[in-house]
**Q** 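Starting off with a structure, shown below.
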Amino acid sequence: MKIEIRNTCADFDSYRAARVKSLFNVEDGSRFEHVADLPIEDDAWQIGLIVGPSGSGKTSLGRRIFGEDRIASATWPDDRPIIDAIAPDGRFDDVTAALASVGLGSVPSWLRPYSVLSNGERFRADLARLICERPAEVVIDEFTSVVDRQIARIGALAFGKAWRRGSSKAVMLSCHYDIIDWLDPDWIYDTATGQYSGRYLRRRPPITLEIRETGWRWWRYFEPHHYLKLPHMIAATCYVAFVEGEPVAHVAVSTRPGLVEARACRLVVMPEWQGAGVGLRFLNAVCGAWRRGKNRYGKPMPTLFHTSHPGLAAALRRDKLWAQVSSTLHGGRSSVGVKGRYGGHFRAVQGFRYIEGAEVRA
């Protein structure tokens with residue numbers, strides 16, 4: 001596919017325009033031309049990336065690849081939370097799964113309208129909506145441009161993994177080169193150099209977790225991001241995962257009477273790290289250590305974990321190291337006009353057991 005871009009505007013001759021032309025030896029700023037050769041007619045790709053500095057023709061190229069009507073442009077209502085605005089006719093579980101898959105796992109954020117979300121939350125909500133709507137072809141302009149670089153990299157990683165579960169095609173337009181290895185696109189075109197490259201064998205940057213046994217002193221950083229407000233677990237051992245000295249995840253483990261088994265709870269992953277698989281790796285490492293007796297009791301114990309978070313429950317069901325052992329419905333109205341424990345709503349608490357004998361490493 002050969003694309004020729006020729007954009008024009010008026011050639012102004014004001015005093016300042018003439019002076020700029022004279023000072024910088026520029027004869028004309030009214031024309032922009034770019035020719036790109038993109039061999040992407042082959043159907044065997046899902047994610048393409050056009051990268052380059054601002055004003056280098058990325059948007060013009062994006063409009064020509066699939067057509068003007070394929071540029072992603074979503075309108076969000078101000079009178080509905082994002083959980084209602086994303087695929088309103090779709091399945092609830094699909095929407096929550098999409099939100100979790102792109103790293104927007106903070107449940108309170110699901111209950112807010114798009115207009116009050118942070119830039120990082122809006123970025124992830126937009127991606128979740130695309131995953132649910134799943135257009136056959138889409139171009140995403142200014143990909144990661146309005147978020148900080150940590151959220152951009154992890155968000156690119158999360159979106160890439162979620163998008164590849166389907167068969168649609170997406171072309172991302174970005175001025176940031178730092179997302180390339182995280183997004184892992186099938187092809188890249190650099191408007192700065194005119195160079196096209198197909199998918200190459202490069203590993204994503206590793207995320208190395210350092211896990212420390214701690215008290216509850218770190219919990220105040222994580223508590224605002226936990227979807228339940230409950231007192232500390234009695235006699236719990238807390239663990240925090242760090243990446244290059246930055247706290248990214250927390251979990252607490254307590255024991256049941258008789259030291260017959262352990263129970264993990266208070267699993268929280270910081271928002272900027274959600275969607276990278278950090279939380280499950282961390283939980284597996286801690287529970288694996290307890291199963292091998294690497295705890296303050298020096299006793300091997302199976303570990304149980306309960307959650308009502310639909311995205312986390314789905315991830316645990318997919319993980320071969322876990323087996324689901326229960327699913328209990330709580331809440332509802334205990335009597336007419338009296339709300340139950342969970343605000344009058346039912347809450348499915350799903351229980352999982354870490355499979356005995358499994359060995360994992362952080």
Side-chain angles (χ1 to χ4, degrees), residues 1-75 119 122-123 126-127 129-130 133-147 149 152-153 155-156 159-160 163 167-200 202:
M1 176 186 293
K2 186 175 183 179
I3 302 176
E4 298 182 4
I5 304 297
R6 291 183 175 84
N7 296 333
T8 62
C9 65
D11 184 15
F12 297 98
D13 59 358
S14 65
Y15 164 75
R16 289 187 177 182
R19 188 168 180 180
V20 167
K21 292 177 183 179
S22 176
L23 285 173
F24 298 99
N25 195 28
V26 176
E27 293 297 329
D28 185 6
S30 65
R31 293 190 299 271
F32 173 83
E33 297 182 356
H34 188 97
V35 178
D37 190 4
L38 305 178
I40 59 174
E41 293 86 352
D42 182 6
D43 289 334
W45 64 271
Q46 287 184 270
I47 299 176
L49 174 65
I50 298 178
V51 66
S54 297
S56 61
K58 298 187 300 295
T59 302
S60 296
L61 287 172
R63 289 172 176 164
R64 296 281 295 276
I65 290 177
F66 295 139
E68 185 79 30
D69 61 341
R70 297 296 191 272
I71 301 291
S73 179
T75 300
N119 283 340
R122 290 184 183 185
F123 167 64
D126 287 335
L127 298 183
R129 185 166 175 175
L130 278 172
E133 294 177 351
R134 188 67 68 168
E137 299 173 339
V138 67
V139 176
I140 306 174
D141 202 358
E142 300 293 345
F143 183 65
T144 75
S145 293
V146 297
V147 293
R149 303 322 305 154
R153 291 188 289 268
F159 176 77
W163 191 258
S167 58
S168 302
K169 294 183 178 181
V171 177
M172 335 300 284
L173 314 179
S174 179
C175 59
H176 297 288
Y177 291 80
D178 62 345
I179 64 170
I180 293 177
D181 290 342
W182 298 89
L183 181 63
D184 192 22
D186 297 307
W187 58 263
I188 304 166
Y189 180 75
D190 189 341
T191 55
T193 63
Q195 182 179 1
Y196 170 91
S197 59
R199 194 170 190 177
Y200 45 86
R202 290 181 60 175

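Excluded from the calculations below are hydrogen atoms, water molecules and symmetry mates; all remaining heavy atoms, backbone and side chain alike, are included. Counting begins at 1 with the first residue of the sequence.
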**Q** Got S145 and C175 here, is their nearest side-chain heavy-atom distance under 4.5 Å?
**A** yes
**Q** Do R63 and T59 have side-chain heavy atoms sitting under 4.5 Å apart?
**A** yes
**Q** Could you check whether D190 and Y196, counting side-chain N and O atoms only, form a donor-acceptor pair closer than 3.5 Å?
**A** no
**Q** Within this structure, what is the OG-CD1 distance for the pair S60 and I50, rounded to the nearest 0.5 Å?
**A** 10.0 Å
**Q** Using side-chain heavy atoms (C-beta onward) and a distance below 4.5 Å, is I65 in contact with Y189?
**A** no
**Q** Given the rule in the side chain to side chain contact (heavy atoms under 4.5 Å, CB included) test, do M172 and I47 qualify, once you have shown the distances and angles that lead to the verdict?
**A** CA-CA 8 Å; M172 335 300 284; I47 299 176; 4.3 Å; yes
**Q** If you define the side chain from C-beta out and look only at heavy atoms, does anything of L127 sit under 4.5 Å from F143?
**A** yes
**Q** Could you tell me whether a side-chain N or O of K58 sits under 3.5 Å from a main-chain N or O of G52, the two making a donor and an acceptor?
**A** yes
**Q** Would you say the side chain of S197 lies within less than 4.5 Å of the side chain of I188, judging by non-hydrogen atoms?
**A** yes
**Q** Donor-acceptor check, side chain of W45 to backbone of G198, threshold 3.5 angstrom: yes or no?
**A** no
**Q** Do R64 side-chain atoms and E4 backbone N/O form a donor-acceptor pair below 3.5 Å?
**A** yes
**Q** Quick check on F12: does its CZ atom have over 12 non-hydrogen neighbours (other residues, nucleotides or ligands) under 6.0 Å away?
**A** no
**Q** Should E137 and R70 count as an ion pair when the cut-off is N to O under 4.0 Å?
**A** yes
**Q** If only atom types and distance count, is the side chain of R149 paired as donor or acceptor with the main-chain N or O of T144 below 3.5 Å?
**A** yes
